[in-house]
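Residue numbers start at 1 and run along the sequence shown. Please read all numbers here as calculations on a predicted model, not as lab measurements.
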Amino acid sequence: MHSLVLQISQDALQFYYPAVADAKATSYGADQRLSFQKSLEQAATEEAQRLGGIEHVDVLVEGLVQPVPMNDFAEDDISKLYQYVVPTDEPLSVFYDTLPASNAVLLFALPRMVARSVEAQFPGCIFRSAQTVPLANFARQSAKAVRTQLHVVLRGLAADVALFAEGRLLFCNTFEVQAPQDVVYFAVGAAKTLGFDIVADEVFLHGNAPQVQSVSEAMKPYVAHLTALPALPDVPFGISEFVSSGRFTPKGEAGE
């Protein structure tokens, strides 16, 4: 029996088994001809045939998070809070993680049909945001730094952007991007509106090596302090950060 970390993005399912020696993430593209439920069932069947049974599943959800100050957080209101900021007519299951170092709660969501399909396939699974551990790590790093820090996590056609000062989360958002210049425009532009100093403050780029390299080259002319931190090639950034973090506080869920 194995413990599984399943990362869900808009176009892929990634399976990773932390206790398996020399483990690599196995990726399954979301087949547009099939429902999400069928795509998940096919992937889970292939994984079961390859490795056997699964005893515990952590589900990492890639995508937008909405931070809420802990003082303003009420578990019964998380669906209303999330959909107030991210309006949609699609039924959602809304979840939350905590970010104690920044005195914040992170709201995130999945389409309700997707969440129910995952729960049916993996009863007892725990949903978490793929951004929670990286943001917690960035907050700790920022708390020890003199300069404001801009962290950008690159993941294909999306970039997660977060601005920290002395451990406080000042801003976070997820942008759709097509080219390295898009990352520069959205990340640096958003940070500058909140007082980021392109001469004095720091930028950190995280993600797969080729994309980190290309964005680094595009961003160098605009910022003075830039650090590129490419992720391990065989494990997605969100999964590797989560696995190395150890255990989490139990999470809540709403939206039913």
Asker: Check whether any side-chain heavy atom of V118 lies under 4.5 Å from a side-chain heavy atom of F127, and answer yes or no.
Answerer: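 A side-chain contact exists here, since the closest heavy-atom pair is under 4.5 Å.
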Asker: Is Y222 close to V184 at the side-chain level, that is, under 4.5 Å between some pair of heavy atoms?
Answerer: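 Yes; the side chains approach each other to less than 4.5 Å.
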Asker: Test side chain to side chain donor-acceptor pair (under 3.5 Å) on Q149 and D201 and set out the steps.
Answerer: CA-CA 6 Å; Q149 295 185 344; D201 294 331; over 6 Å; no
Asker: Step through it carefully: locate the ring centre of F73, locate the ring centre of Y96, and say whether they are under 6.0 Å apart.
Answerer: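 Yes.
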Asker: Is M219 reachable from V199 through a run of I, L, V, M, F, W or Y residues, each pair having side-chain heavy atoms under 4.5 Å apart?
Answerer: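 Yes, same cluster.
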Asker: Around Y185, counting heavy atoms of other residues, nucleotides and ligands shown, do more than 12 lie under 6.0 Å from its OH?
Answerer: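 Not more than 12 within 6.0 Å, no.
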Asker: Taking C-beta and beyond as the side chain, do K220 and S216 meet within less than 4.5 Å on heavy atoms?
Answerer: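 Of all side-chain heavy-atom pairs linking S216 with K220, at least one is under 4.5 Å.
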Asker: If you round to the nearest 0.5 Å, how far is CD of E62 from CG of D11?
Answerer: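 It comes to 8.5 Å.
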Asker: Looking only at heavy atoms, which two atoms of S117 and F36 are closest? And how far apart?
Answerer: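 S117 and F36 have their closest heavy atoms at CB-CD2, 3.9 Å.
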Asker: Please determine whether side-chain contact (heavy atoms from CB on, under 4.5 Å) holds for the pair H206 and V153, giving the CA-CA distance in whole Å, both sets of side-chain angles, and the decisive distance to 0.1 Å.
Answerer: CA-CA 5 Å; H206 313 264; V153 177; 4.2 Å; yes
Asker: For residues M70 and A104, report the shortest heavy-atom separation together with the two atoms involved.
Answerer: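 Closest approach of M70 to A104: CE-O, 3.5 Å.
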Asker: What distance separates T148 OG1 from L194 CG, expressed to the nearest 0.5 Å?
Answerer: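 T148 atom OG1 to L194 atom CG measures 10.0 Å (nearest 0.5 Å).
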Asker: Taking all non-hydrogen atoms of both residues into account, name the closest pair between V212 and A228 and its distance.
Answerer: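 Nearest pair, atom of V212 first, then A228: CG1-CB, 3.5 Å.
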Asker: Please name the pair of heavy atoms, one in C172 and one in V65, separated by the smallest distance, quoted to 0.1 Å.
Answerer: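 Smallest interatomic distance, heavy atoms only, reads SG-CG2, 3.9 Å.
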Asker: Before accepting this row, confirm whether a basic side-chain N of the pair E41/K38 lies closer than 4.0 Å to the acidic partner's carboxylate O.
Answerer: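 A salt bridge links E41 with K38.
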Asker: Check V85, N173, L106, V105 against Q66 for a side-chain contact (heavy atoms from CB on, under 4.5 Å) and give me the one that passes.
Answerer: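 Among the candidates, only V85 passes.
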Asker: Please report the C-alpha distance between L157 and E176 in whole Å, then the side-chain angles of each, then the deciding distance to 0.1 Å, and finally whether the side-chain contact (heavy atoms from CB on, under 4.5 Å) criterion is met.
Answerer: CA-CA 6 Å; L157 298 179; E176 294 184 3; over 6 Å; no
Asker: For the hydrophobic clusters of this structure (ILVMFWY residues joined by side-chain heavy atoms under 4.5 Å, transitively), does one cluster hold both V223 and L154?
Answerer: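 In one cluster with V223: L154, yes.
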Asker: So how far is it from L4 CG to Q14 CD, rounded to the nearest 0.5 Å?
Answerer: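 One finds 11.5 Å between CG of L4 and CD of Q14.
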Asker: Which word best sums up how the rings of F15 and Y28 line up, parallel for under 30°, tilted for 30 to 60°, or perpendicular for over 60°?
Answerer: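 F15 and Y28: perpendicular rings.
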Asker: Just do the side chain to side chain donor-acceptor pair (under 3.5 Å) check on D160 and T174 with the steps written out, would you?
Answerer: CA-CA 4 Å; D160 300 321; T174 295; 2.7 Å; yes
Asker: Between the main-chain N or O of K80 and the side-chain N or O of D77, is there a donor-acceptor pair closer than 3.5 Å?
Answerer: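 No.
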Asker: Are the side chains of L107 and F95 in touch, meaning some heavy atoms are under 4.5 Å apart?
Answerer: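 No, too far: nothing below the 4.5 Å cut-off.
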Asker: Tell me if a side-chain donor or acceptor on T98 pairs with a main-chain N or O of P100 at a distance below 3.5 Å.
Answerer: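 No, T98 side chain to P100 backbone: no donor-acceptor pair under 3.5 Å.
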Asker: What I'd like to find out is whether the side chain of P111 reaches to under 4.5 Å of the side chain of P91, using heavy atoms alone.
Answerer: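 Result no, sub-4.5 Å side-chain heavy-atom pair not found.
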Asker: Just wondering, are more than 12 heavy atoms of other shown residues or ligands nearer than 6.0 Å to CZ in F175?
Answerer: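 More than 12 within 6.0 Å, yes.
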Asker: Sub-3.5 Å donor-acceptor pair from the side chain of S142 to the main-chain atoms of G167, do we have one?
Answerer: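 Flag set: sc S142 to bb G167 pair under 3.5 Å.
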Asker: Quick one: are L13 and S27 in side-chain contact, heavy atoms under 4.5 Å?
Answerer: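 No, too far: nothing below the 4.5 Å cut-off.
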Asker: Can V133 be reached from L163 by stepping across I, L, V, M, F, W or Y side chains whose heavy atoms are under 4.5 Å apart?
Answerer: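 Different clusters.
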Asker: How are the rings of F164 and F138 set relative to one another: parallel (under 30°), tilted (30 to 60°) or perpendicular (over 60°)?
Answerer: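 If you compare the ring of F164 with that of F138, the planes turn out perpendicular.
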Asker: Any chain of hydrophobic side-chain contacts (each under 4.5 Å) joining V114 to F122?
Answerer: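 Yes, V114 connects to F122 through the hydrophobic network.
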Asker: For L60 and G238, which heavy atoms make the closest approach, and how far apart are they?
Answerer: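 Smallest heavy-atom distance, with atoms named: CD1-O, 3.7 Å.
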Asker: Determine the minimum heavy-atom distance between V5 and P18, stating which atoms define it.
Answerer: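 Result for this residue pair: CG2-CG, 3.9 Å.
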Asker: Measuring from atom OG of S129 to atom CG of L135, what distance do you get when rounded to the nearest 0.5 angstrom?
Answerer: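 Atom-to-atom, S129:OG and L135:CG are 7.0 Å apart.
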Asker: Side-chain contact test, heavy atoms from C-beta onward, threshold under 4.5 Å: evaluate it for D58 versus F242 and give yes or no.
Answerer: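 Yes, side chains in contact.
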Asker: One pair to check against side-chain contact (heavy atoms from CB on, under 4.5 Å): F108 and D97. What are the steps and the verdict?
Answerer: CA-CA 8 Å; F108 62 101; D97 280 337; 3.9 Å; yes
Asker: I'd like to know if the side chain of S102 and the backbone of L99 have a donor-acceptor N/O pair within less than 3.5 Å.
Answerer: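 No, because the side chain of S102 does not come within donor-acceptor range (under 3.5 Å) of the backbone of L99.
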Asker: Among the clusters formed by ILVMFWY side chains lying less than 4.5 Å apart, do V215 and F237 turn up in the same one?
Answerer: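 No; F237 is not reachable from V215 via cluster members.
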Asker: Show me the pairs that pass salt bridge (Lys or Arg N to Asp or Glu O under 4.0 Å) and involve residues 181-190, at least two apart or across chains.
Answerer: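 For residues 181-190, and leaving out neighbouring residues, there are no salt bridge (Lys or Arg N to Asp or Glu O under 4.0 Å) pairs at all.
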Asker: With heavy-atom distances below 4.5 Å as the criterion, would you say the side chains of L205 and L226 are in contact?
Answerer: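 Yes, their side chains come closer than 4.5 Å.
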Asker: List the steps and the verdict of side-chain contact (heavy atoms from CB on, under 4.5 Å) for V59 and I8.
Answerer: CA-CA 7 Å; V59 181; I8 298 178; 3.6 Å; yes
Asker: Roughly how far, to the nearest 0.5 Å, is CD of Q121 from CG of L6?
Answerer: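 If I round to the nearest 0.5 Å, the distance is 9.5 Å.
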Asker: Can you tell me how far the CZ atom of R128 sits from the OG atom of S245, to the nearest 0.5 Å?
Answerer: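 So the CZ of R128 and the OG of S245 are separated by 8.0 Å.
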Asker: With a sphere of 6.0 Å drawn around CD of E166, does it hold more than 12 non-hydrogen atoms of other residues, nucleotides or ligands?
Answerer: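 No.
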